[in-house]
Every structure is written in structure tokens, then in C-alpha cells.
Amino acid sequence: MGLVTEIKTPLIGSYQQPTGLFINNEWVEGAEKKTFEVINPATEEVICSVSQATEKDVDIAVVAARKAFEGVWQETTPAQRGQYLLKLADLVDQNLELLSAVESLDNGKSINMAKGDIGAVAGCLRYYGGWADKIVGKTIDVAPDMFHFTRREPIGVCGQIIPWNFPLLMLAWKISPALATGNTVIIKPAEQTPLSALVFANLIKEAGFPPGVLNIINGFGRVAGAAISAHMDIDKVAFTGSTVVGRQIMKAAASSNLKKVTLELGGKSPNIVFNDADIEQAISWVNFGIYYNHGQVCCAGTRIYVQEGIYDKFLEAFKKRAQENKVGDPFHDETFQGPQVSQTQFDRIMGYIETGKKEGATVEIGGERHGDKGYFIQPTIFSNVKPDMKIMQEEIFGPVCAISKFSTEEEAVRLGNDSSYGLAAAVHTTDLNTGIRVSKALKAGTVWVNCYNLIHHQAEFGGYKQSGIGRELGEMALLNYTENKTVAIRLGGAMF
Ligand code: NAD
């Protein structure tokens, strides 16, 4: 197999798609020479095949990352690390059209959303590039004859495992704080969407990163992902994906070398609309909250609670609004919703829709496949839902939401918190006091007021309860990637 293939896409024509594993700044085949097919979710056709990493490749990548960590990367100044990230951000900007087209082709997201993602990738790299030379310790005055200070040191070799819903953006969220703080990385993209990370790998080399600092290996979760989480020479694992796999990763970390773990997992986020909300605005944000990225968002606003005074009016207008979302070819300029990422996800979501119907919920709109080719699903709204229904408790990860009524603020908070997840929530109201009170009462890592899904790399993101451990983005993400060392110096004199 060659390690590059020519692919044709709308928007950019044809381009050279790398297909190997990116280890030590080189393109290599997998040790076992295995490959897997990449499917276009809009057409169900094969785009190409890429190399599949197995346990041996993880070992090879770890050796490269370890060597870089102990050698060249330790000798690089923090300012220089920042420069590499800034240069990489510029290269991402320069390749925005290419990276967006690859993302749309492979993931199925609309081209305009893909462009938004790639812009955010550059923003994230740049933000952490700025942090690289601002990681500082402190001095602690404990006694006249002692001098204590702390150092923030990189953890070492980091394994990172990411999902398919924002392929390159999740990669940027993971690698940026890790590299800024002086770690080296082995990252495994999701097997459903391996392509954009490989195009990005060429930019890593172009930005001048030394070999071994950042290694990208595609492969399956139960093989390459499991090998990363159980590896004895990986010092930290960071994961975004399902709660089920998050638990497995934590177990593997615990029973191997007790590597540090951060997890960003699922959600079932409430979106609460009060009687006094600006209805037009609330409908737009509720619509965006659930249907953005085809509902394949960990913080998607899937449980919509509307106060009884406006419920009927809101539901009618929301149905109309959701039916206006253009579903179709990701490369059409007006498309809002493309296909789900894979046959598996399509089947899983359709299964939830059937369960909702069987459980007695009412389908207000949608509830069916869209078209007969590609993994498209109609925007779907369920009403007459009960808190214990499966569609109210489990993460569907598709364009499916449930709407219900509440009467008091207390009830809204109780319903909003009625979940084992706690990733995000939102409140829509024109009363500042209500907004502040309810945002304090909701158990979620992010609460939006009068908006939804507005995530910015300067602000922390992560979950309460079973939505995860640790925070990504913002200053706190730097803590995930540094060890604190306390140095205590005795300033002479006799012992005791
Ligand atoms: P997943 O958790 O299986 O996959 C996410 C990543 O983990 C992929 O890179 C995968 O290869 C890897 N992985 C899988 N099994 C692994 C293992 N045993 N050890 C190490 N790594 C492993 O998610 P999925 O099957 O692609 O999607 C299933 C559900 O997960 C979705 O329906 C959705 O509910 C949820 N999900 C959540 C997010 C999120 O952003 N929180 C993202 C994707 C999926």
C-alpha cells in the first residue's frame, strides 16, 4: 500500500490524502500492515483505506515519544514550544479550505460548520501557544531558615483518545495544552474519522516540531485505544467519548501503571425556557442546542423544559423552526444538517426513536430516516415524555430531543438535575435574577444563559457527575498536563 492517495472532493477538487501512521515525523505502515476502510457517510461509499495501528505500533510510538520527551523537547525553551504552536495555528488558517473539505467528506458535517471547526482549531492552538512561556510555580514562605518553591513540570508521554464528532477540534483541544506544557503525545483519532488528522500531521512537520513530539496513529478503540490506556510507559491518558469506554479506560489505567486520567464523557443536557424568555431567540437557541452537528455533541440540549404559560406556543413555533433546518449534502452551502457519522450511529439513533415510540411518547415531527442513501435522519421532537423513559435518560447522540412542560422554577431545577450526567445546561429568561439563581442550582460544568453551545477555548469545559473527570480548555487544562513539584531548601544551620 502507498502511504498517500489522491481523493476528489467538492470545494477543493483533488488533494493528496496521507494514509499511514505518523510516528517520529515519518509516515509508516502499521507493523502488522493492517488497514481499514473509511466511509463517506453522505453516500455510504468507501473514500479510501488507511493504516491501522495495533499494539506494536503503540509501542513504537511510545518509544519515539519517550525519546523526544527525555531529549529534544526538554531542551526546547517554553517560548520556542509556543512558537511551534503559533506556527501550526497559522498553517491551519492557511489550509482552512482543505481541512474543512476533508472534515465534511469524512464526518458528514456541513461545510460551513466544518469551517467553523477549523477556525476554532487555529484559535485553540494559538491560545495555548500563548500559554507556553507563562507556566509558573510559586514561592512559599514556611520558616525563616527555609526556602520553598514549586515547579510545574510536564507529566511525560501522554496518550490521547478522541471521538469522531469534531475530529480535528477534539485533537486541538487535546494536543494544545499537552504540548504547551512540554509533554509529548501519541493521539488516536476515532476510526470513523481518521482523515483530517492525517492531513494535519503534514502541518506538524512543516511547523518544525521535532520528531517524536506528536505522533498520530489511527486504529480501533479495542486494539490501539486499549493498548494506550493499559501502556506501562504512558504517563497520562486523556479521553473524550462514551461513558462506557471512559470507565474501561479508567480501569485500564488503574490496573497498569496508574497513569493520570482525564475524561470528557457523555451528557443529557437540559435546556430550560421560562415564560418570560424572548421566545424567538429561545427557539433559535433551543434548535441550535439540539440540532447543531446533527445532535452529535456531548453537550447537546436534548431535554427541553418549557414553562406552562408559553409551552403550546413554543412547541408550535419550535416544530416549524426545526422543519426548516436544511438536511442534505454537507457540501451544499445552505445545508445545516448532514448525515450521522456511521451506519452504527444511524442504527443506534433509529433504535432510540423506535424505543421512544414504543414507550408511548408522541412524535411531533420527524421520527424517520431522511432520503434513502446516506445516514440522514429527520430532525425529531418527542413530546408526552416521562422522566423514566429511556429517551429521557440515555444519550442518543443524534437529532432527537424530548420536550416537556414545567410550572415552577423549583420544578425546572429538579427536572434539569434529574440525570446521571452533568455536562451542560441552559436557561432562557429575561429576568437576570432567575438566570443567576437557576444557573447556580443546575449541576453542570457549563450553564448557558440565553444561548447554547457557545464554547470558547478561553473558558473551561467538562462535566459534573458521570460526564467526566477534569476540565478541558482555559487555564485549567494546563493543570491536567503538569505535575507540581515542591522543592524545600534548608538555608544552613544545625539540624533541629
Ligand atoms: P466510543 O467511546 O466507543 O469511541 C470514542 C473513542 O474511544 C474512539 O477513538 C474509539 O476508538 C475509542 N475507544 C473505543 N473503545 C475503546 C477502548 N476499549 N479502549 C480505548 N479506547 C477505546 O464512542 P462510539 O462508539 O464511537 O460512540 C458511542 C456513543 O458514545 C455515542 O452514541 C455517544 O453517545 C457517545 N459519544 C460521546 C462523545 C462525546 O463527545 N462525549 C463522542 C463520541 C461518542
Side-chain angles (χ1 to χ4, degrees), residues 36 39 41 50 52-55 58 107 109 117 159-167 169-171 173-174 186-194 197 216-231 234 237-256 259 261-269 292-300 302 340-353 375 377 390-391 393-400 419-424 445-446 453 455 461-463 465-470 472-473:
F36 63 97
I39 308 292
V50 298
Q52 187 201 140
T54 59
E55 214 173 318
V58 173
N107 167 281
K109 66 176 67 202
D117 280 15
Q160 304 182 321
I161 302 170
I162 53 169
W164 38 260
N165 49 347
F166 295 89
L169 188 55
M170 288 301 104
L171 182 142
W173 284 24
K174 289 280 183 286
I186 296 134
I187 188 162
K188 191 199 83 59
E191 52 269 41
Q192 296 83 352
T193 52
I216 301 181
I217 54 170
N218 281 298
F220 292 104
R222 61 183 183 281
V223 182
I228 288 173
S229 45
H231 206 284
I234 289 182
V237 62
F239 170 75
T240 297
S242 61
T243 298
V244 174
V245 172
R247 281 184 214 284
Q248 289 170 15
I249 286 179
M250 227 172 154
K251 278 187 197 153
S255 53
S256 55
K259 53 180 71 61
V261 180
T262 42
L263 304 173
E264 203 266 274
L265 308 175
K268 192 75 186 168
S269 300
Y292 166 58
N293 210 42
H294 332 159
Q296 302 170 143
V297 183
C298 45
C299 53
T302 51
Q340 307 308 127
V341 77
S342 66
Q343 180 77 52
T344 308
Q345 283 304 116
F346 175 88
D347 292 342
R348 183 174 288 164
I349 296 159
M350 292 309 291
Y352 274 112
I353 291 175
Y375 310 126
I377 296 178
K390 215 171 158 186
I391 57 165
Q393 291 295 333
E394 295 182 16
E395 184 173 47
I396 298 175
F397 228 62
V400 182
S419 172
S420 56
Y421 293 114
L423 192 55
T446 296
N453 274 338
I455 296 172
F461 181 80
K465 300 193 255 181
Q466 293 184 33
S467 287
I469 297 176
E472 297 204 276
L473 303 180

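Hydrogens, waters and symmetry mates are skipped; everything else that's a heavy atom, side chains included, is used. For reference, positions follow the sequence shown, starting with 1. Atoms within a ligand are numbered from 1 in the order they appear, just like the ligands themselves.
No part of T344 comes within 4.0 Å of ligand 1, judged by heavy-atom distances. Contacts of E191 with ligand 1, taken as heavy-atom pairs under 4.0 Å, involve the side chain alone. Contacts of M170 with ligand 1, taken as heavy-atom pairs under 4.0 Å, are absent altogether. Contacts between V297 and ligand 1, counted as non-hydrogen atom pairs separated by less than 4.0 Å, are absent for every part of the residue.
Using modelled atom types, no side-chain atom of K188 and backbone atom of V58 make a donor-acceptor pair closer than 3.5 Å.
Of the polar atoms of Q248, at least one N or O is found under 3.5 Å from an N or O of ligand 1, judged by distance alone. Checking only distances, L265 does come within under 3.5 Å of ligand 1, N or O to N or O. Taking any N or O of F220, backbone or side chain, none lies under 3.5 Å from an N or O belonging to ligand 1. Residue contacts with ligand 1: V245 is placed with no nitrogen or oxygen under 3.5 Å of a nitrogen or oxygen of the ligand (distance criterion only).
With distances taken over non-hydrogen atoms, the option nearest atom 30 (O) of ligand 1 out of S242, A190, G225 is S242. Between A224, P163, G221, it is G221 that holds the heavy atom closest to atom 17 (C) of ligand 1.
Among protein heavy atoms, the minimum distance from atom 12 (C) of ligand 1 is reached at I161 CG2, 3.6 Å.
Residues meeting the side-chain contact (heavy atoms from CB on, under 4.5 Å) test with K251, sequence neighbours left out: none. Residues satisfying the side chain to side chain donor-acceptor pair (under 3.5 Å) criterion with T54, sequence neighbours excluded, are E32, D57.
Between W173 and F461, the ring planes lie perpendicular to each other; the angle is over 60°, past the 30° to 60° tilted range. Ring geometry for W164 versus F397: interplanar angle over 60°, hence perpendicular rather than tilted (30 to 60°).
Minimum heavy-atom separation, S467 to G267: OG-CA, 4.1 Å.
There is no protein heavy atom closer than 4.0 angstrom to atom 4 (O) of ligand 1.
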